[in-house]
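Okay, structure first, notes after.
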Amino acid sequence: MGRLVLLVAFIALIASLVWYAATHFERLGSGVAADSSATQAPAPGRPPIATLPALRAPCGPACGTQRWAVKTLSDGDREEVDLRPVPATVESLAALPRPAFLQDDRRAAEERRTFEVIGCLGVVDNPAAGDDHLHRRISRRREDDRDIHLVIGGLLNPRVSLIAEIPSPECGGVCQAGLGELYARARAAVDSIIKAPPSPACNNDVPLVRITGVGFFDHEHGQIGAAPNQFELHPVLSLSTVDHDPR
């Protein structure tokens, strides 16, 4: 009988230790993860944002016009956007079939998906930065809607490129979407990225970058570096440099 009591007590002790470790160390680990994510770019494949904040009342000045709500994630279909990044290449996205008609909604499945692309940063159009921010072949053209306009070149075919744009936190739509801080971080990253060393993967001309953004089909209006199908990453949710050739 005494042995049975000791056995039960031993099992209870082990169960208590397991419970303590599961509850306390899990919370400790989650706290460390939260602290590191605040200062580092999201890891490859990790959503830059887990869920969209609630849509706010209209606010901020008008900046863009055509499909502006879709461009800023303030549209009525925003909840249908899957924020989990899907790896893709510039070449594959530039070859997607273009919808026959573009409306102020997300009829195309690609506009309800988030993509992660690695490519060469070829052009930066930033109305807020000075000419001293230019880097080698990176050139500039002013965007009337205050977006930072990026052109990402393909790794397999450098002649293929697509546009990626980061809205201004000060603009209407951005304010309404509650994503101003996210876009501000992405815009701040541009200043350091265009000063980064050029990558051998980009013929030592420009930096190699990883960029995550929501799919978007734009109207054709003579933009530098536009894909043949006018597919873009708009808005950009995060970007960072890549220090190795992924091919």
Side-chain angles (χ1 to χ4, degrees), residues 41 48-49 52-53 55-78 81 83 102-106 111 114-115 117 119 121-135 137-153 161-196 206-207 209 211-227 230-240:
I49 180 173
L52 292 174
L55 198 62
R56 304 174 182 177
C59 50
C63 294
T65 52
Q66 292 181 335
R67 310 193 75 207
W68 184 249
V70 179
K71 292 178 180 179
T72 56
L73 277 174
S74 59
D75 59 295
D77 297 330
R78 66 199 298 265
V81 176
L83 296 172
L102 296 175
Q103 305 293 334
D104 291 331
D105 55 18
R106 298 180 184 270
E111 294 191 334
T114 303
F115 297 95
V117 173
L121 179 63
V123 178
V124 175
D125 297 330
N126 182 0
D131 288 340
D132 58 330
H133 286 232
L134 300 183
H135 180 87
R137 289 189 182 178
I138 297 175
S139 61
R140 186 183 314 283
R141 182 169 61 88
R142 181 174 293 274
E143 289 288 303
D144 295 333
D145 57 11
R146 304 187 192 180
D147 284 354
I148 290 183
H149 171 117
L150 310 173
V151 174
I152 311 300
S161 62
L162 59 77
I163 290 171
E165 305 209 30
I166 316 173
S168 169
E170 301 174 355
C171 291
V174 177
C175 172
Q176 188 176 6
L179 297 172
E181 183 177 347
L182 185 72
Y183 298 149
R185 287 200 299 268
R187 291 169 73 95
V190 174
D191 286 339
S192 60
I193 288 175
I194 62 179
K195 297 175 184 176
V206 294
V209 297
I211 185 164
T212 303
V214 180
F216 175 77
F217 285 100
D218 202 359
H219 294 282
E220 197 285 323
H221 52 287
Q223 296 211 79
I224 295 175
Q230 304 299 316
F231 188 81
E232 303 179 357
L233 297 180
H234 198 160
V236 169
L237 303 179
S238 70
L239 71 158
S240 59

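All of these numbers come straight from a predicted model, not from anything done at the bench.
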For residues L52 and L73, determine if any side-chain heavy atom of one lies less than 4.5 Å from a side-chain heavy atom of the other. yes
Going by side-chain hydrogen bond (donor to acceptor under 3.5 Å, both in side chains), name the residues that satisfy it together with S74, two or more places apart in sequence or in a different chain. T72
Report the distance from atom CD1 of I166 to atom CG of L150, rounding to the nearest 0.5 Å. 5.0 Å
Spatial distance of atom CD (E232) from atom CD1 (I163) [nearest 0.5 Å]: 5.0 Å
Give, for atom CD1 of I152 and atom CD1 of I211, the distance between the pair rounded to the nearest 0.5 Å. 4.5 Å
According to side-chain contact (heavy atoms from CB on, under 4.5 Å), who are the partners of S168, at least two apart in sequence or on a separate chain? R146, E170, C171, R187
Would you give the length of the straight line joining atom CZ of F216 to atom CG of L162, rounded to the nearest 0.5 angstrom? 13.0 Å
Looking only at heavy atoms, the pair that brings W68 and G172 closest together is NE1-O, 2.7 Å
For E111, all residues meeting side-chain hydrogen bond (donor to acceptor under 3.5 Å, both in side chains), sequence neighbours excluded: R67
For F231, check ring pair (Phe, Tyr, Trp, His ring centres under 6.0 Å) against everything at least two apart and list the hits. F115, F217
Quick one: does L121's side chain get under 4.5 Å of L239's, heavy atoms only? no
Would you name the heavy atoms of V151 and I224 that are closest together and state the gap between them? CG2-O, 3.3 Å
Return the minimal non-hydrogen interatomic distance between L237 and A186, and the atom names on each side. O-CB, 4.3 Å
Interatomic spacing from CZ in R78 to CG in L55 - rounded to 0.5 Å: 5.0 Å
Looking at every heavy atom in both V174 and P167, which two are closest together, and how far apart are they? CG2-CB, 3.5 Å
Evaluate side chain to side chain contact (heavy atoms under 4.5 Å, CB included) for I49 paired with L179, printing each intermediate quantity in order. CA-CA 10 Å; I49 180 173; L179 297 172; 3.6 Å; yes
Is K71 close to E165 at the side-chain level, that is, under 4.5 Å between some pair of heavy atoms? no
Closest heavy-atom pair, R106 versus V214, reported as atoms and distance to 0.1 Å, is NH1-CG1, 3.8 Å
For the backbone of R56 and the side chain of Q176, can you confirm whether one donor and one acceptor N or O come within less than 3.5 Å of each other? yes
Any sub-3.5 Å donor-acceptor pair from D75's side-chain atoms to D77's backbone N or O? yes
Provide the closest heavy-atom pair for L182 versus P48 in the form atom of the first, atom of the second, distance. CD1-O, 4.2 Å
